[in-house]
2 protein chains.
Amino acid sequence: MSYDFGAMASRPVTIVDVARHAGVSHSTVSRVLNGHPHVRADTRLRVEQAVEALGYVANLQARGLAGGPSGSIGLVALEVSTSYVVEVIRGVDEELAASGLDLMLSTTRRHDVREREQVLRLSQGLCDGLIVLIPAAPDLYLEDLAARNYPIALIDHGATPFASSATMANRSSTEQAMAHLIGLGHRRIGHVTGNLATDAARRRMLNWRAMLQAHSLEHGDDLVVEGDFRRESGQRGAAILLDRSAPPTAILAGSDFMAVGVLDEVRKRGLRCPDDLSVMGFDDVAEATVMTPQLTTIRQPMQALGRQAVRLLMDRLRNPDAPTVHVELATELVVRESTAPPAH
Amino acid sequence: MSYDFGAMASRPVTIVDVARHAGVSHSTVSRVLNGHPHVRADTRLRVEQAVEALGYVANLQARGLAGGPSGSIGLVALEVSTSYVVEVIRGVDEELAASGLDLMLSTTRRHDVREREQVLRLSQGLCDGLIVLIPAAPDLYLEDLAARNYPIALIDHGATPFASSATMANRSSTEQAMAHLIGLGHRRIGHVTGNLATDAARRRMLNWRAMLQAHSLEHGDDLVVEGDFRRESGQRGAAILLDRSAPPTAILAGSDFMAVGVLDEVRKRGLRCPDDLSVMGFDDVAEATVMTPQLTTIRQPMQALGRQAVRLLMDRLRNPDAPTVHVELATELVVRESTAPPAH
DNA sequence: CGCATTTTTGCACACGTGTGCAACCCGTAT
DNA sequence: ATACGGGTTGCACACGTGTGCAAAAATGCG
């Protein structure tokens, strides 16, 4: 066995190096690092100075292996491409900043097997807790982890006894939007839906229709066009609706991006918003405050969802035996400039 | 696919469990998992079946501790709040998807100490390579890691012998912007900078000044205001510039968000863009095509930057002894509606 | 000062995996 | 049949840290 003290192959500083430098055993260093009570004051000081002097950084893996806390929580998501995921991550990151915990993001990219792998990986000591942001069935591992009493927070899942969860109140959001438009005096309210293959789009359409029926307003098929959540489909939908013999005075788009498309068509036709047509969206994306007119929309509390998940997780970290909780976050009507009473 | 967990699923399945189930030693299981050549075919099959039956998932920490590959690469960033970071992450994630490697995101939240900590943590076996996305001085750890021959890719840093790096052609991007404005006939061109603590902001300002000098145009201190990359600082900067005795006819903002702020001030004063003031930004964020007028800007290839960083990293993973590389990606002038020849 | 009690410290093992080395097995050539 | 050789396999140790237990040291008390 040979020791090389040369500057070439510098080995990371370990707890043993610190111990040697401070003239104690590595156990003592460990105790200092973890704030154990039974350490003499001057010993603690010597160790802390050694840590400082050598620039010691704990090896997360060894610590996790040995059963110590990792000081970080994991977030498992499908991908980072959609703004939905990005916003949730932002919320998580910001809430975490206050607590001093680290964030580990892991993406599964739609491989179902990978999902279970990633979750188990992170739960094996790498992270103290896990936030799962995947709209799939986590039954494969949830019960397992619950048996180990491992803290998990699910986002956008229904209630389950195995983990805490946070979700959005989808129903009331469409009601909020329609109440706003009807309250302004609109009687013909068109709807450009998102991709009807998705739950959210379908529920929004059903609730749009239900609200019109409840107020005895027209709700026929010539007031609704299917889109796909994207800007271009919003423009196409608006073109169709505005070409009707009796065009709507307001259009509810299934997403903010489609609302932008609706406004594209409005501008193209030389109409003005909100004077000639009121427009609403869903989500309250960052773009909503940048456009002219600024968009009236239903804010989906995506960041808040992330924050809430962190709080749920930290509750479980502090008190592992407390029962799991299910939280439903309200959406919020954000009135800006794109809606007004109808002209006539 | 169904997994058979034993009656007591309280403890995670380890390599030893698999070994027992297959009637071999844990070493053999390890060799199967890592694709070593000297394993008999039927033994390999038995082990693989045991892995499947027990639903074994490797413990990353133990593997990392023991010196094995982690199969994941790390990304260290300040935060995930800015779209710059988000876009880079998207690029990284997408490029990584092709390679089968996992992504670990870690945020430092502007604590300089944490930066070194996080980097060292992840480099101690947790990740096979690291992408650093922090506009600060990584001298503290770079040399150290280079000595260990640890693969690192820096984003938006200058060339360094210690790591591969990818950056955008900051010089030419500013030249592109200024050439456009000067070509339109502008002679007084103001500049609201980003946070001058960052490299990018400082270089943009220097190049702004250099271009003005090269064309013998005024470039004094009363044509430049420091901002912080955010919308509000853009508005403040514009207010200051427009209050000068001889206000500029065009303003180059250090980011698209600041350009939005500039437009806020323009609108507030009842001015019109581009008639009374031309406005340009940097980045080409999603918002740029949504606003009115649509923003003329310099497109920063942020996703491409992420992809490039991954490729650089994988080159080093495959060939650790190859020299480091510095790649510069071209930016692109995107002319939209917010720039025009000056009125007078 | 001696003894009991408490505080402080070190030893040794555990965590799960990878790997050098030696031992094993089996087939083939002598 | 024996020796040889190469493909397989197991043993034992290493990685860095946490912790129960016992030893050592410090403290308190008479």
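This structure is a prediction, so every number in the text was calculated from the model and none was measured. As a basis for the values below, the full set of heavy atoms in this structure was taken, side chains included, without hydrogen atoms, waters or symmetry mates. Chain A is the first sequence line, chain B the second, and so forth, proteins listed ahead of strands; every chain is numbered from 1.
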OP1 or OP2 of [N] versus the side-chain N and O atoms of [X]: is any pair under 4.0 Å?
{"X": "Arg31(A)", "N": "dT9(C)", "value": "no"}
{"X": "Arg40(A)", "N": "dT8(C)", "value": "no"}
{"X": "Ser25(A)", "N": "dG10(C)", "value": "yes"}
{"X": "His38(A)", "N": "dT6(C)", "value": "no"}
{"X": "Ser30(B)", "N": "dT19(C)", "value": "no"}
{"X": "Asn34(B)", "N": "dG18(C)", "value": "yes"}
{"X": "Ser27(B)", "N": "dG18(C)", "value": "no"}

*asked:* What's Val29(A) touching, base or sugar-phosphate or nothing? Going by heavy atoms closer than 4.0 Å.
replied: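 Nothing, no nucleic acid heavy atom in range.
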Could you check how far [atom1] of [X] sits from [atom2] of [N], rounded to whole Å?
{"X": "Arg20(B)", "N": "dG10(D)", "atom1": "CZ", "atom2": "C1'", "value": "16 Å"}
{"X": "Gln124(B)", "N": "dC15(D)", "atom1": "CD", "atom2": "C1'", "value": "11 Å"}
{"X": "Ile15(A)", "N": "dA14(C)", "atom1": "CD1", "atom2": "P", "value": "19 Å"}
{"X": "Arg121(B)", "N": "dC15(D)", "atom1": "CZ", "atom2": "P", "value": "21 Å"}
{"X": "Arg44(B)", "N": "dT8(D)", "atom1": "CZ", "atom2": "P", "value": "9 Å"}

*Can a donor-acceptor pair under 3.5 Å be found between the side-chain atoms of His26(A) and the base atoms of dG18(D)?*
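Yes, a donor-acceptor pair under 3.5 Å.
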_Test your reading of the model: is there a side-chain donor-acceptor pair from Gln61(B) to the backbone of Gln124(A), 3.5 Å cut-off?_
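Looks like yes, one N/O pair under 3.5 Å.
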*asked:* Does either side chain, that of Thr108(B) or that of Gln118(B), offer a donor lying less than 3.5 Å from an acceptor on the other one?
replied: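 Thr108(B) vs Gln118(B): no donor-acceptor pair found between side chains.
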*Among Leu78(B), Val92(B), Val88(B), Val76(B), whose side-chain contact (heavy atoms from CB on, under 4.5 Å) with Leu133(B) holds?*
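The residue from Leu78(B), Val92(B), Val88(B), Val76(B) that satisfies side-chain contact (heavy atoms from CB on, under 4.5 Å) with Leu133(B) turns out to be Val88(B).
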